[in-house]
Amino acid sequence: MKNSIPPSSPFHRSPFINPSKTLYLPSYPLFFFIFFFFSSVSAKLPDHVFLSAYTDLCSHLIPFSPPKPNTPSPISDSLAFYSAFFSGGDPIFNRSSSSSNSLFFHPTSARPTLNHSVFGLRAQLVLHQRPAGPNRRRLLRSFVYPGRRVSSQWMRLSLRGLWSRSSGKLCMIGIGSYGNNNLRNVNVVVRLSYPLDSTISRSLITGTIGSFDAKNSFHYFKPISILGLSQGSNYKFTLTRNENGCGAGSDGASLSFKNSSQDACSVFHGHTDRFELEYESRCGNVSCNPLGLDAGKLPGFMYFYGARCVGRRKIQLLLGFPDSGYSDDAFPFHPNTTLISEGEWDEKETQLCAVACRILNFTGSWVDTNPYVGDCSIRLKLRFPAVLSLRNRSTVLGQIWSDKGVGESGYFSKIGFQGSLKITRGIQGLQYKYAEIDRVKKTCAEKMTAKGKGSMYPDGYSPDMRFSVYVRNSKGQVAQGYSSPLFVGDQIYAGQLYGGVPSMLTVGNFKANRDQYSKLLNVSYTISFNPPPDFKFGGVVTSTKVKIGAEGLYNRNAGLLCMIGCRHLRPNDKILIKNESLDCEIIVNVQFPPLNAKGGESIKGTIESTRQKSDPYYFDTLQLSSYSIYTSQADASIWRMDLEIIMVLMSNTLACVFVGLQLLHVKKHPDVLPNISIVMIVVITLGHMIPLILNFEALFMANRSQQNPFLGSGGWLEVNEVIVRMVTMVAFLLELRLLQLTWSSRQDEGSQPGLWVSEKKVLYMTLPLYIFGGLIALIVHIWKNSLQKRFKPLKLSRHRFQFSRGPAYQPPSLWEDFKSYAGLLQDGFLLPQILFNIVFNPEGKALACSFYGGTTIVRVLPHAYDLYRAHSSAWFLDLSYIYADHRLDFYSTAWNIIIPIGGLLFAFLVYIQQRFGSRCILPKRFRESSSYEKVPVIGNDDL
């Protein structure tokens, strides 16, 4: 068979060894890193390698058949599956039952072979194991990236093999990588078995992934078992018309698809949602667990995934019931906690009616067993309420129950569930009924009549109405969360419609009709925050997520928001009991800053309980604040960052140019080289070297521990950082060259011993000064950190602001303060030269005017710019400092005045010294002193 791999392929450069049928495939970590992260290249095995491996490992399942030339086939789409579970794989994957394992298989191409029922495939297969615990979740604002890093394990495989349509068998040979850095290679064989006629009872894919590295190899792993859901196009619905249906719809108006452009498929298919489960209060007396397990381990949530949709109404669903530690966005496919369901949207009853089945005969490794879908005695129905209110915020209401009799195995009583679909797929026609507006008008009458004194505030429909929140209790403890409008007036808030990213098109449509409203707008909000473990809330310590629904009025002339809130009094044991009580004796006040606010003003407010202090549900007033920025401020900051990128590159380039001009100056006037202060050159060289050393990793890798606060700006900022470091490196090398030339010239000036003596005097004068300044900087750093630990202020610092789940204020590290102090020394780089001129009293112009003048301007301009920036912008984000970076120098109003004056004064003194004499700046009585003079050498001709 003709080799389809080009000769330049790296796979041709490594031999394929086959001793005793133990196969080794070539190892190219960097190639696979690029492949799996950028998906720009498809790894391919040489034909002779593939044939040898396939003959040994797969021919007994599917005899090899050569592919037909140039005949691609779309059959690969029906073989893909994305809902799957795996186990095994020790030692690559651990055996912890608390880990979440997921797998997806995606064929990239298919070709028919000479055997009409056999197809040649290429595919990608990815296995992912996540440890139990919360994942990284973005908060509401697109500029905020809170969360924590969770370690996980990946294996990525590139496969090639055959699939038989007549038997449903698939066998593929592959190479891949694993580990957090994906730089460890494995050689695998994948065997899968697909159902021939797919129905709900025959919808499982089983198989294994085996290693054919030597057992004593570092890359060998134990077999991995796979169980997945077939998502082929030949599926047949068999239970949607089951005689034991869901019955009549629930009380209350429900939304319908009848006159809508949407359908059930667009709402459910391909998406995962999470709903809270509601149990009856008598669950302790009868079985309540939908998994048929011990009633003492009731799940708190149900995950809902639309796996397949046919005819706009028929849906295949996966229902997942993971333990309380699971909080990922992906569907938790585990055979013991997953139900497979199929249902049909009933337009007459405006509800989805479904039948669900369990996965039976499952073991941890099912190589020798035959898991199957059975026990289809579970029923489910759900509807979409047409009207939301303060006391009912769920866009989905439903029930799940067992069709068996009480006492039968697998029976459980009816369980309610509620929640919200991702509003990206929100159903048209949803309305909101305001019930507390009259109460708000009485409670907040003064706020609703306030005027804004000419300031502009966010429009009620704008994206600026949603914000992250910091909630502080009376003990000073802080919880973090988010707040977002649900409805504004009678319209769904624009940010809700598009899955968390506000749509300016939708906002524009709202604004077009805003004139029909007065200055007061009806609004409803959702406020949610996660308390730390020791957070005092009311009379108890809570760590359960707090959710507050609120509705009220927004005075857009004054930026004031006043609402009545309701808090779910959910117990801490995560189980939601039906008809649980609500605490609606809550007042929420929010003050938005003006759109053109100066001085870093932020959103502030309170959450108050109107109950008596003796009431068990009373809690002390919570202080609410937010550091989310307005969209206009974010746009201005991004524009400023782009400008600062240009400025910092120009500044570093000019630094290189000025050092280059000094090198040209000493080339034309080599006699002035010994008169240049070595201490001055060392100071300016160290000023460029220290940032390079402390940020050397930026030349080769991105710092993943920091998150850029601006969506889409991270890559450009990282590229800029690398370019800046490289230009700084050029300046550093040019300064080293100047230092080497000066040092060499001193070695040749034996007739002027005063040069080194003068240099030592300069060193003795400057070194104690630098050390003393460094000690002061260290003391100030320790003092600031001690204050931070004592008071933990929740405030905005102009110089140190961080978007994270940690404290809002992060003091600078010792290294950052060290770099700032080094920047200060570099600002005064001319001081050693001035002292050297006074001590040695040289003649001539040692420094080119372009060098000391231009370098001074380069050092002064950032402070002038920072002074301008401080008085022209209200928000200063730590990660947005590109030019005049506060981590590389001292910046404040005082420093921005002192440093430029000092720098310009030093440059002026050097100019005066080189024009009128080195000691002209001293009083006359100090200008004359003994010094070494050149004595003419008397030659033999003069004797």
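One is the number of the first residue; the rest follow in order along the sequence.
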Quiz item: Is NZ or CZ of Arg156 both nearer than 6.0 Å to the six-membered ring centre of Trp154 and within 45° of the ring axis?
Solution: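 The answer is yes, since Arg156 meets both limits relative to Trp154.
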Quiz item: Quick check, are the ring centers of Trp345 and Phe257 under 6.0 angstrom apart?
Solution: yes
Self-check item: Ring centres under 6.0 angstrom apart (Phe304, Phe268)
Solution: yes
To the nearest 0.5 Å, tell me how far [X] [atom1] sits from [Y] [atom2].
X      : Y      : atom1 : atom2 : result
Leu239 : Cys376 : CG    : SG    : 5.5 Å
Phe105 : Leu79  : CZ    : CG    : 6.5 Å
Tyr54  : Cys171 : OH    : SG    : 5.5 Å
Ile92  : Ile224 : CD1   : CD1   : 6.5 Å
Phe417 : Lys381 : CZ    : NZ    : 10.5 Å
Glu342 : Cys309 : CD    : SG    : 12.5 Å

Practice problem: Answer yes or no: does atom NZ of Lys169 have more than 12 heavy-atom neighbours from other residues, nucleotides or ligands under 6.0 Å? | Solution: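 Check fails, neighbour count at 12 or below.
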Quiz item: When you look at NZ of Lys236, are more than 12 heavy atoms from neighbouring residues, nucleotides or ligands closer to it than 6.0 Å?
Solution: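 Not more than 12 within 6.0 Å, no.
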Self-check item: Residues Glu344, Lys314: salt bridge by 4.0 Å N-O rule
Solution: no
Exercise. State which residues pass side-chain hydrogen bond (donor to acceptor under 3.5 Å, both in side chains) with Ser230; sequence neighbours excluded, sorted by chain then number.
Key: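 Applying side-chain hydrogen bond (donor to acceptor under 3.5 Å, both in side chains) to Ser230 gives none.
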Practice problem: Can you sort out the partners of Ser83 under side-chain hydrogen bond (donor to acceptor under 3.5 Å, both in side chains), two or more places apart, ordered by chain and number? | Solution: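 With sequence neighbours excluded, Ser83 shows a side-chain hydrogen bond (donor to acceptor under 3.5 Å, both in side chains) to no residue whatsoever.
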Quiz prompt | Full working for ring pair (Phe, Tyr, Trp, His ring centres under 6.0 Å) between Phe275 and Tyr303 | solution = CA-CA 6 Å; Phe275 303 126; Tyr303 279 74; 9.3 Å; no
Quiz prompt | Between Thr113 and Asn115, a side-chain donor and acceptor under 3.5 Å | solution = no
Quiz item: Just checking, is any N or O donor in the side chain of Gln351 or Arg383 under 3.5 Å from an acceptor N or O on the other one?
Solution: no
Determine the minimum heavy-atom distance between [X] and [Y], stating which atoms define it.
X      : Y      : answer
Asn361 : Asn370 : ND2-O, 3.1 Å
Tyr220 : Asp213 : CD1-O, 3.4 Å
Leu103 : Phe81  : CD2-CE1, 3.4 Å

Exercise. Could you walk me through whether Tyr235 and Phe237 pass ring pair (Phe, Tyr, Trp, His ring centres under 6.0 Å), step by step?
Key: CA-CA 7 Å; Tyr235 183 85; Phe237 286 81; 5.1 Å; yes
Exercise. Evaluate the side-chain contact (heavy atoms from CB on, under 4.5 Å) criterion for residues Leu291 and Thr337: first the C-alpha distance (whole Å), next the side-chain angles of each, then the deciding distance (0.1 Å), finally the verdict.
Key: CA-CA 7 Å; Leu291 302 174; Thr337 60; 4.0 Å; yes
